[in-house]
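First the structure, in the form of C-alpha cells, and then the observations on it.
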Amino acid sequence: MRLALVLALLAHPAAAEVTFTDRSGDLPFAHVYGGGWEHFVGGGVAIFDCNGDDLADLYVAGGENPARLFINITEGPGAPIRFADGGPGNVGVTGAYPLDVDGDGVLDLAVLRVGYDALFKGEGDCHFSDGSATWGLPDYDGWSTAFSATWEGENTRPSLAIGHYVDRNDPEGPFGTCDDNLFMRPDGDGYVTTLLSPGYCALSMLISDWRGDGVPALRVSNDRHYYVRDGAEQMIPLDTLTPMTEAEGWPRLMLWGMGIASRDITGNGLPDVMLTSMGDQLLQFARPGGVYENAPFSFGSYVQRPPDDGRPSTGWHAEFGDVNNDGWADLFIAKGNVDQMPGNAAKDPNNLLIRTPDGPFTDQGVAAGVATRARSRGAGLYDFNLDGRLDLVVVNRRAPLEVYENQTENVGNWLLLDIRAAGPNTRAVGAWIELRRGDGSVEHREITVGGGHGGGQAGFHHFGLGAGARADVRLRHGGVVSDWVRVPTNQPARLMFDAGTLRIVR
C-alpha cells in the first residue's frame with residue numbers, strides 16, 4: 001500500500017507504445033563476444049564519451065576476439081545512430097567500466113580480463129595508454145568478472161573492487177574453486193590490496209550506501225553454480241571489509257547471481273535492487289535500517305520463463321531507465337542460456353519491463369522489438385543521439401553486437417544531466433542526485449560505478465518527467481547538500497558541484 005501511494009505521486013502522460021528500431025546493421029562490422037568456457041560469463045560494454053563531443057562511445061568486450069572501440073558519429077540530435085570503428089583492443093576482455101581514475105576530467109577505463117586486468121588512461125580523442133603500472137594496479141592473474149569503485153575520504157584516487165570467478169590456477173577446479181576477490185585502497189603511488197575471502201564466484205559487484213547511513217558497502221552477487229560449501233550473496237561494509245552476518249541483520253540469500261542494478265523506485269531515498277540469476281529475477285525494496293523486502297510476485301519483475309519454453313530463464317545484465325519518459329523507471333534484462341544447459345530455456349528473449357500507473361511491470365520486449373533470442377550478456381540503456389529517449393546496446397555471446405534506437409512517439413518531457421565536480425572525484429561518484437518535479441515529488445538517484453554484468457556507463461543521467469515541464473535539481477554528497485537549481489527541460493545540461501554549490505555551466 002505504501003509503495004502504491006508513493007508511485008501515484010509521479011506524473012505521467014498517456015501511455016505511449018514503446019518502439020525501438022534495430023540499427024545493428026549500421027555498425028561498421030559485426031562484433032562478437034566469443035570464446036570457450038572462460039567466456040561463458042562476461043561480455044560487457046563500457047558507455048562513455050572518449051572524445052569530448054558529448055556523444056557516447058562504446059568499448060565492447062570481445063572474449064577470445066579483440067575488444068573493440070566504436071566511435072559515435074551520429075550527425076545530430078534525433079539523427080539515426082551511427083558508429084565508426086575505433087580499432088581493436090586486448091583479447092581476453094570480459095568487461096570494462098569508465099571512471100576518471102586520476103581526476104584530470106578525462107574518463108579512463110578499468111578493463112577486466114581472463115588474465116591480467118588493466119587501467120587504461122584516457123588521453124583524449126579516444127586514445128588510451130596503459131596506466132596500470134603508473135597507478136599501481138597490482139598484478140593478479142585471475143578470471144575477473146565483476147567491478148565497482150568509489151572515492152573515500154580525501155583520497156585523490158578511487159578505491160577499487162574486483163571480483164573473480166573460478167581460480168584458473170587450481171588443479172582441483174573448477175567446482176569448489178572460487179577465487180578470492182580484491183579490494184584496493186590508494187596508498188601513495190600504488191594500492192594496498194585486501195583479499196576478500198571467501199569468494200563465491202562473483203559475477204557482479206556494486207558499492208552503494210545500501211543502508212542509508214552514510215557508510216558505503218560492497219554488495220557481491222555470486223554464481224551458485226560454482227559455490228563452495230555454504231556460499232551466498234555478500235554485503236561488505238567498506239569501514240570493516242568484513243562480510244556481514246545474519247546476526248548483524250544480513251539475511252542469507254543464495255542465488256545463481258549474475259547481475260546487480262540499483263535505483264530508488266519506491267521514493268524513500270534508498271537504493272532498491274534488482275538481482276538477476278538462473279531462475280527468478282529478484283527485485284528487492286530497500287527499507288530503513290538496511291532491511292530488504294522481496295517484491296511481490298504480482299509486481300511483474302520475476303519473469304522466470306519465456307512464454308514458449310517452460311524452463312527457467314537465465315538473466316544477466318539488468319538496468320533501470322525510463323524509456324518512454326513518463327516518470328516511471330522501466331527495467332531491461334538481458335537473458336541467454338550459459339551455453340547449452342538443458343535445465344534452462346534455450347531461446348531466452350530479453351525483457352523490457354515497462355512500469356504501469358498502478359505499480360507493476362509489463363513485459364513489452366517483443367512489441368518494442370528488442371526481445372532478441374541470442375545468448376545476451378552485457379547491455380546498456382543510454383541516449384546515443386541526444387533526443388531525450390533512451391536507446392539500447394546489447395552484447396551477445398557468439399552472436400553479433402546489437403544497437404537499438406528508441407523511436408517511441410508521444411514521450412514525456414525529459415532531462416539529460418551531466419554532473420561534474422571539483423577533482424579528484426570529477427563525476428561525483430557516491431553523490432545523490434535529487435530531482436524535484438513541479439508537483440513537489442522528489443526522485444533520488446545515486447551516482448555509482450559498478451553493477452550490471454561486465455560493464456557500466458559514465459555520462460548523462462537521464463530523467464523522464466512525464467507531463468511536467470519544470471524540474472529543480474540538487475546534489476547531496478558527503479553530508480553536504482546544495483541549493484535547488486532550476487534546470488531547463490528537453491535539452492542536455494551540464495552542472496558543476498564545487499564547495500557545496502551546484503551551478504549550470506552549459
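For the single chain, residues carry numbers from 1 onward in sequence order. Only heavy atoms go into these numbers, but all of them, side chains included; no hydrogens, no water, no symmetry mates.
A cation-pi arrangement, defined by a distance under 6.0 Å to the six-membered ring centre and an angle within 45 degrees of its axis, is present between Arg436 and Trp484. Because its NZ or CZ atom is both nearer than 6.0 Å to the ring centre of Tyr292 and within 45° of the ring axis, Arg219 counts as a cation-pi partner of that residue. For the pair Arg157 and Trp151, the cation-pi test (distance below 6.0 Å, angle within 45°) is failed.
When all heavy atoms are compared, the tightest approach of Ser204 to Met258 is CB-O, 3.5 Å. Heavy atoms only, all atoms of each residue included: Val273 and Trp210 are closest at CB-CZ3, 4.0 Å. Heavy-atom minimum distance, Gly269 versus Trp432: O-CH2, 3.7 Å. The two residues Ile354 and Asp330 make their nearest non-hydrogen contact at CA-OD1, 3.4 Å. The two residues Arg185 and Leu241 come nearest to each other via the heavy atoms NH1-CD1, 3.6 Å.
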Test side chain to side chain donor-acceptor pair (under 3.5 Å) on Ser221 and Glu233 and set out the steps.
CA-CA 5 Å; Ser221 194; Glu233 305 291 280; 2.8 Å; yes
Would Arg389 and Asp387 satisfy salt bridge (Lys or Arg N to Asp or Glu O under 4.0 Å), going step by step from the backbone distance to the final call?
CA-CA 6 Å; Arg389 294 174 290 189; Asp387 66 353; 2.8 Å; yes
Step by step, work out the side chain to side chain donor-acceptor pair (under 3.5 Å) result for Asn413 and Thr489.
CA-CA 7 Å; Asn413 296 308; Thr489 61; 5.4 Å; no
From CA spacing to verdict: salt bridge (Lys or Arg N to Asp or Glu O under 4.0 Å), Glu443, Arg437
CA-CA 8 Å; Glu443 181 176 346; Arg437 293 179 169 82; 2.8 Å; yes
Determine whether Asn351 and Asp363 satisfy the following criterion, side chain to side chain donor-acceptor pair (under 3.5 Å), listing intermediate values before the conclusion.
CA-CA 6 Å; Asn351 301 123; Asp363 187 6; 2.7 Å; yes
Give the C-alpha distance, both sets of side-chain angles, the deciding distance and a yes or no for side-chain contact (heavy atoms from CB on, under 4.5 Å) between Phe48 and Leu99.
CA-CA 9 Å; Phe48 67 117; Leu99 72 166; over 6 Å; no
Stepwise side chain to side chain donor-acceptor pair (under 3.5 Å) check, Glu402 with Thr372:
CA-CA 9 Å; Glu402 297 171 342; Thr372 179; 2.9 Å; yes
Give the C-alpha distance, both sets of side-chain angles, the deciding distance and a yes or no for ring-ring contact (aromatic ring centres under 6.0 Å, His included) between Phe285 and Phe299.
CA-CA 11 Å; Phe285 299 137; Phe299 204 70; 5.4 Å; yes
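Between the side chain of Asn385 and the backbone N or O of Ala79, at least one donor-acceptor pair lies under 3.5 Å. Side-chain atoms of Asp209 come within 3.5 Å of backbone N or O of Asp213 as a donor-acceptor pair. Counting only distance, with no hydrogens or angles, the side chain of Asp57 and the backbone of Asp49 share no donor-acceptor pair below 3.5 Å. Side chain of His444 to main chain of Glu434: no donor-acceptor pair is present (N/O by atom type, distance under 3.5 Å, no hydrogens or angles). A donor-acceptor pair under 3.5 Å is formed between the side chain of Asn406 and the backbone N or O of Leu390.
Between the side chains of Glu17 and Gln364, no donor-acceptor pair of N or O atoms lies under 3.5 Å. No hydrogens or angles considered: nothing links the side chains of Trp328 and Asp322 as a donor-acceptor pair under 3.5 Å.
Interatomic distance, CZ of Phe183 versus CG of Leu160, reported as 8.0 Å (0.5 Å rounding). Atoms CG and CG, from Leu416 and Asn490 in turn, are 9.5 Å apart once rounded to the nearest 0.5 Å.
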Would you tabulate the side-chain donor-acceptor contacts of residues 491-502 under 3.5 Å, counting partners in other chains and residues two or more places apart, or write 'none'?
residue	atom	partner	partner atom	Å
Arg494	NE	Asp418	OD2	2.7
Arg494	NH2	Asp54	OD1	3.1
Arg494	NH2	Asp418	OD2	2.8

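Under a cut-off of 6.0 angstrom, the local environment of CG in Asp483 is sparse, with at most 12 non-hydrogen atoms contributed by other residues, nucleotides or ligands.
Residues Asn396 and Ser376 form a side-chain contact, since some pair of their non-hydrogen atoms from C-beta on lies under 4.5 Å apart.
Pairs of residues two or more places apart, or lying in two chains, that qualify as side chain to side chain donor-acceptor pair (under 3.5 Å) and include a residue from residues 458-471 are Asn325-His462.
Partners of Asp53 according to the salt bridge (Lys or Arg N to Asp or Glu O under 4.0 Å) rule, which considers only residues two or more places apart in sequence or in another chain, do not exist here.
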